Amino acid sequence: MKNIKKNKHKMPEQPPKQRIKNFNEVPLGYDKKTAIAEAKRCLQCKNKPCIKGCPVEIDIPGFIKQIAQGNFGKAAEIIKNKNNIPAISGRVCPYENQCEGRCTLKKIGEPVAIGRLERFIADYEHKKGKKTPKKAAPTGKKIAVVGSGPAGLTCAGDLAKMGHQVTIFEALHAPGGVLMYGIPEFRLPKKIVETEVEYIKKLGVEIKYDIIVGQTITVEELQQQYDAVFIGTGAGLPRWLNIPGENLDGVYSANEFLTRVNMMKAYKFPEYDTPIKIGETVATFGAGNVAMDCARTALRLGAKKSYIIYRRTEKEMPARQEEIQHALEEGIIFKLLMTPKRFIGDEKGRLKQVECIKMKLGEPDSSGRRKPIPIPNSEEKINIDTAIIAIGQNPNPLIPKTMKKLKTGEKGNIITDENGKTSIPGLYAGGDIATGAATVILAMGAGKKAAKAIDKYVKTKK
Ligand code: FAD
Ligand code: SF4
Ligand code: SF4
């Protein structure tokens with residue numbers, strides 16, 4: 001391993017001072033020369049540990065070898081064997097804990113930049129124009145997919161490739177789920193999501209919008225019309241702090257804040273009017289990817305100060321390291337070891353302040369992280385105009401609530417086996433609705449497994 005470059009090749013980025021004034025993507029991607037040089041760092045390990053870290057088991061050394069030889073089209077084919085939406089996973093996958101987390105090169109320095117290489121190939125293919133893969137002969141079987149997030153899109157794409165007729169039912173007027181209304185433009189351009197959805201449609205998948213399954217039509221009705229049904233309705237139910245003042249004007253859930261910005265195109269200011277008045281000081285509570293997205297979005301909407309308020313320390317933050325780094329570079333102010341006690345409003349019911357209490361860390365709790373303990377008499381009031389609660393989401397409750405025979409877990413998640421089979425025959429589920437809020441690639445992996453199981457089910461069904 002003597003002559004291998006120890007660190008990843010850097011990816012160019014918009015400088016922080018420039019990027020906080022726009023919603024354009026922050027990392028700019030590798031060029032051909034850098035991608036080839038990075039691919040040449042790969043040792044082509046015989047035991048391929050990186051593949052074990054990828055939930056959809058992409059042949060990572062295989063596609064990297066093709067990049068190293070300049071065969072970008074072949075590299076794209078290898079990725080697409082396992083992953084229908086690589087331009088998305090190459091951007092938002094927590095690869096540091098997955099494929100790259102297992103890379104042998106970590107023993108001497110940084111892993112191969114697998115995520116960046118995957119993104120490079122997906123973007124290269126986008127520029128060239130994507131080829132639609134061959135489909136199996138039509139089977140005559142009809143499948144309904146509920147929800148067009150990564151779980152639903154992946155499941156639908158795979159089933160269409162197997163020759164089934166697939167219809168997606170989506171509650172909103174646009175496809176993509178969190179990819180579209182949650183993750184901001186500066187991390188995942190909407191054009192990328194739209195292109196990936198177009199690809200799924202080219203496979204023959206039909207998407208019906210503005211249909212809330214469980215309300216507009218029931219799952220039972222879908223089961224009568226289709227040979228099998230897959231539920232991928234995600235985890236969009238916000239968790240609240242349950243403290244006084246949470247209903248004041250100016251307090252948002254992360255979900256509402258990001259949906260307004262992404263769906264109502266506040267990020268396209270001044271072309272579109274911003275539908276959110278955030279004022280000068282914004283506080284986001286929580287420290288996961290969602291919280292970083294909110295705090296960074298607030299800055300781009302014109303906030304002079306954007307705080308992250310978190311009850312533990314940076315070490316315990318659940319957000320990806322890259323997102324924390326980007327937030328710090330952009331001037332997000334981290335107020336750590338602090339938790340809110342109450343929101344305080346003015347006489348018109350408009351948010352004015354948050355009262356927080358300082359914390360210290362005790363022994364590890366059930367999550368394995370050290371438990372935060374309040375320090376008596378350490379309260380502090382902070383002037384804020386907007387508060388965003390980003391402390392997690394629970395599974396969407398509508399379908400589980402309307403189906404009494406469907407087995408659900410403590411948090412309202414649909415219980416499935418490892419292939420997405422629920423307690424009701426012919427009904428499958430996967431992604432955040434089954435696991436609780438997780439990741440894009442896990443949702444895609446669940447969609448893939450369910451597609452295989454559904455294919456088997458409908459072929460044997462009389
Ligand atoms: P979703 O993406 O939630 O899609 C569910 C779809 O179902 C939606 O389109 C919804 O409108 C539709 N739906 C819901 N109910 C119904 C109904 N009754 N009828 C019809 N349609 C319905 N993960 C990462 O890996 N990396 C990241 O960087 C990352 N950042 C994130 C940032 C934010 C702001 C958020 C909110 C999440 C982030 N995640 C990230 C998590 C990731 O986006 C989710 O785990 C993933 O999108 C789950 O996919 P899904 O298909 O299960 O559900
Ligand atoms: Fe790594 Fe995610 Fe790509 Fe798999 S899909 S190779 S985990 S970046
Ligand atoms: Fe290449 Fe790293 Fe995978 Fe080895 S573990 S094959 S070096 S990407």
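Residue numbers start at 1 and run along the sequence shown. Small disclaimer: the values here were computed from a predicted structure and weren't measured. For ligands, and for the atoms within them, numbers begin at 1 and follow the listed sequence.
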Starting from atom 16 (C) of ligand 1, locate the nearest protein heavy atom and write down its residue, its atom name and how far away it is, to 0.1 Å. Thr233 CG2, 3.4 Å

Between ligand 1 and Asp293, is the shortest N or O to N or O distance under 3.5 Å? no

Salt bridge (charged side-chain N to carboxylate O under 4.0 Å, His left out) with Lys8: which of Glu322, Glu110, Glu96, Glu100? Glu100

is_close_aromatic(Phe120, Tyr30), centroid dist under 6.0 Å: no

Proximal atoms of ligand 2 relative to Glu118 (non-hydrogen, under 4.0 Å): 3 (Fe), 5 (S), 6 (S), 8 (S)

Take Glu256 and Arg260 through the salt bridge (charged side-chain N to carboxylate O under 4.0 Å, His left out) test and state the conclusion after the steps. CA-CA 6 Å; Glu256 183 189 348; Arg260 282 186 183 218; 2.9 Å; yes

Shortest heavy-atom approach to atom 33 (C) of ligand 1 - which of Thr216, Asn255, Val290: Val290

Hey, does Glu329 have a side-chain heavy atom less than 4.5 Å from the side chain of Glu13? yes

So which heavy atom in the protein is nearest atom 26 (N) of ligand 1, and how far is it from that ligand atom? Val92 O, 2.7 Å

Is the shortest N/O to N/O distance between Gly430 and ligand 1 below 3.5 Å? no

heavy-atom search around atom 25 (O) of ligand 1 in the protein gives Val440 N, 2.9 Å

Which of the ligand 1 atoms, numbered from 1, are nearer than 4.0 Å to a heavy atom of Ala438: 41 (C), 45 (O)

Proximal protein heteroatoms (N, O or S) of atom 3 (Fe) of ligand 3, under 2.8 Å: Cys50 SG

Residue, atom name and distance, where the atom is the protein heavy atom closest to atom 9 (O) of ligand 1: Glu170 OE1, 2.6 Å

Return a yes/no value for Ala443: is any of its N or O atoms, backbone included, closer than 3.5 angstrom to an N or O of ligand 1? no

Of all protein heavy atoms, the one nearest atom 21 (N) of ligand 1 is Ala171 N, 3.1 Å

Quick check: does Cys93 put an N/O/S atom under 2.8 Å from atom 4 (Fe) of ligand 2? no

Donor-acceptor check, side chain of Thr216 to backbone of Ile211, threshold 3.5 angstrom: yes or no? no

Is the closest N or O pair between Val178 and ligand 1 shorter than 3.5 Å? yes

Check whether any N or O atom of Arg320, backbone or side chain, sits under 3.5 Å from an N or O atom of ligand 1, and answer yes or no. no

